[in-house]
Structures are given as structure tokens and as C-alpha cells.
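One structure is given below, encoded as C-alpha cells.
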Amino acid sequence: MICLECKKELSYIDHKNAIDAFGVELCAKHQVRLNRLILKNNTPKEAIQLYYGLKERNLNPMLEWWDGKKSIDIAISRVKLNIEIDTEYNMLTHEQAINDLEEAMHSFKNGFTTIRIPNDLIKHHFTETINNIIGIVEGLNANIKKI
């Protein structure tokens, strides 16, 4: 049991607290950092789990990346991919759907692709979600013009 950030050996208590709170192994120092991030941005637990899953697969994600307008749950800047985790997708109103569509339009105009992933998909199909995101990154990378 080691911290995913600093590779420090974890005590049983640190391990248990991190798994209960975030679903990933982190030392007390990095748990405090994540707690601050969650309080500031209302970061879903599933975004944290997905971030570390993508990081483990060497995709170099950024958690709670500021795009100049709002905080993005996860960004992979190399291929201009923004990932938003939907925690209330089952209560989507037509107003929210229009807002989501407008945000996607602005992202596309700025050269970014935004995908929205329901939190249940991460909870119940984590590996498949990671594999599909890797496929999206590979597709976006293939379409980037080489200078």
C-alpha cells in the first residue's frame, strides 16, 4: 500500500481513510490536498478515481483544470480533451441539456472536445471506461496536425 502521488508507504489508517473517502490510495498529506480541491470545486469522487486510472495508464491527465471560464473535472491537454463527470444525469432538464450543448459548442470552437461521463459508468464499468477514453485519446492524437 503506497500513495499514488508520492509513493510513500501508507499506514493502515491512511489506506482505509483514503479508500473510504476517495476510492484510491493516498497518504494523509495528499488526502488533505484532495479534500481542499473537493471543497473548492465540488469534485466528484468518480472524477478522482478516473484521474488516477488515467494517470496509471500514462495519459497525463489534469484534475480540475481551469479553462479560463470554469473548472473542468479532468483535462488531457495534449489532445485537447475535456472530461466532465455527470453526477445528476438522471435529473437532466431541457435547460441543462441546452446549457451542456452550448458549453460543448464553445469547447469545439476553441479546439477542445468535451465528453460527459455518467458517474455510474465509472462506478460499475471502470476498466471499460478507461479503455474507451484511451481510444478517444488515440483518435484525437491521430487527427492532430503535425507541425
Side-chain angles (χ1 to χ4, degrees), residues 1-67 69-93 96-97 99-101 103-108 110-146:
M1 300 181 298
I2 61 168
C3 176
L4 294 174
E5 285 293 336
C6 64
K7 308 302 181 203
K8 175 183 167 189
E9 188 73 28
L10 298 178
S11 69
Y12 173 77
I13 296 297
D14 283 344
H15 168 78
K16 181 173 179 0
N17 290 341
I19 294 296
D20 290 348
F22 312 111
V24 295
E25 295 178 329
L26 296 169
C27 67
K29 174 181 149 186
H30 287 104
Q31 288 180 50
V32 168
R33 285 185 180 178
L34 267 184
N35 277 323
R36 278 193 223 129
L37 193 67
I38 289 168
L39 287 174
K40 180 180 177 189
N41 298 300
N42 199 25
T43 308
K45 178 179 180 177
E46 295 81 11
I48 294 165
Q49 294 168 339
L50 185 60
Y51 166 77
Y52 282 106
L54 294 170
K55 194 173 177 176
E56 186 176 279
R57 299 286 293 267
N58 299 315
L59 287 184
N60 202 22
M62 294 177 288
L63 186 62
E64 291 300 345
W65 180 68
W66 182 254
D67 73 352
K69 185 177 175 186
K70 67 181 189 100
S71 187
I72 304 296
D73 289 332
I74 299 172
I76 303 174
S77 63
R78 181 173 45 98
V79 293
K80 295 186 171 185
L81 176 63
N82 294 336
I83 303 170
E84 292 286 353
I85 308 305
D86 278 338
T87 57
E88 299 176 7
Y89 63 92
N90 57 347
M91 299 170 58
L92 189 67
T93 65
Q96 185 61 45
N99 287 339
D100 290 350
L101 192 57
E103 286 180 14
M105 176 192 64
H106 290 296
S107 289
F108 278 117
N110 291 320
F112 285 83
T113 301
T114 299
I115 59 173
R116 302 186 82 76
I117 300 175
N119 63 336
D120 283 346
L121 196 59
I122 297 166
K123 285 180 188 175
H124 303 294
H125 302 282
F126 185 76
T127 302
E128 295 96 322
T129 302
I130 296 279
N131 289 338
N132 281 302
I133 292 171
I134 289 170
I136 291 167
V137 167
E138 288 170 350
L140 290 169
N141 199 35
N143 291 315
I144 292 175
K145 290 183 180 178
K146 305 292 182 203

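Count residues from 1 along the sequence. Keep in mind it's a predicted model, so treat the numbers as computed, not measured.
More than 12 heavy atoms of other shown residues, nucleotides or ligands fall within 6.0 angstrom of atom CD in Glu128. Around the CG atom of Asn131, the shell of radius 6.0 Å holds more than 12 heavy atoms that belong to other residues, nucleotides or ligands.
What you find for Ala75 and Asn82 is that their closest heavy atoms are CB-OD1, 3.8 Å. Here the closest non-hydrogen pair linking Asn110 and Lys80 is O-NZ, 4.3 Å. Pairing each heavy atom of Gly23 with each of Lys45, the nearest pair is N-CE, 3.7 Å. For Ala47 against Leu63, the heavy-atom pair with the smallest separation is O-CD1, 4.0 Å.
Within the 4.5 Å cutoff, the side chain of Arg78 has no heavy atoms near those of the Asn60 side chain. Between Asn41 and Ser71, the closest side-chain pair of non-hydrogen atoms falls below 4.5 Å. Residues Val137 and Leu54 are not in side-chain contact: their nearest non-hydrogen atoms beyond the backbone lie 4.5 Å or more apart. The shortest distance between side-chain heavy atoms of Leu4 and His30 does not fall below 4.5 Å. Looking at Ile38 and Ile48, their side chains come closer than 4.5 Å, going by heavy atoms from C-beta outward.
With rounding to the nearest 0.5 angstrom, the CG atom of Leu50 is 14.0 Å from the NZ atom of Lys123. Taken from NE2 in His124 to OG1 in Thr129, the straight-line distance is 10.5 Å, to the nearest 0.5 Å. Atom CD1 of residue Ile115 and atom CD1 of residue Ile133 lie 5.0 Å apart, to the nearest 0.5 angstrom. Distance CG/Leu101 to NE2/His106: 10.0 Å, rounded to 0.5 Å. In this structure, CD in Glu25 is found 10.0 Å from NZ in Lys7, a value given to the nearest 0.5 Å. Taking CG of Leu26 as the reference point, atom CG of Asp14 lies at 9.5 Å (rounded to 0.5 Å).
For Lys70 and Glu103, the salt-bridge test passes: some basic side-chain N is under 4.0 Å from an acidic carboxylate O. The pair Lys55-Glu5 meets the salt-bridge criterion, with a side-chain N (NZ, NE, NH1 or NH2) lying under 4.0 Å from an Asp/Glu carboxylate O.
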side-chain contact (heavy atoms from CB on, under 4.5 Å) assessment of Tyr51 paired with Ile83: CA-CA 10 Å; Tyr51 166 77; Ile83 303 170; over 6 Å; no
Full working for side-chain contact (heavy atoms from CB on, under 4.5 Å) between Leu10 and Cys3: CA-CA 6 Å; Leu10 298 178; Cys3 176; 4.0 Å; yes
Verdict with reasoning, Leu81 to Phe112, per side-chain contact (heavy atoms from CB on, under 4.5 Å): CA-CA 6 Å; Leu81 176 63; Phe112 285 83; over 6 Å; no
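Between the side chain of Glu84 and the backbone N or O of Thr114 there is no donor-acceptor pair closer than 3.5 Å. Side-chain atoms of Asp67 come within 3.5 Å of backbone N or O of Lys69 as a donor-acceptor pair. Here the side chain of Asp73 pairs a donor or acceptor atom with the backbone of Ile85 at under 3.5 angstrom.
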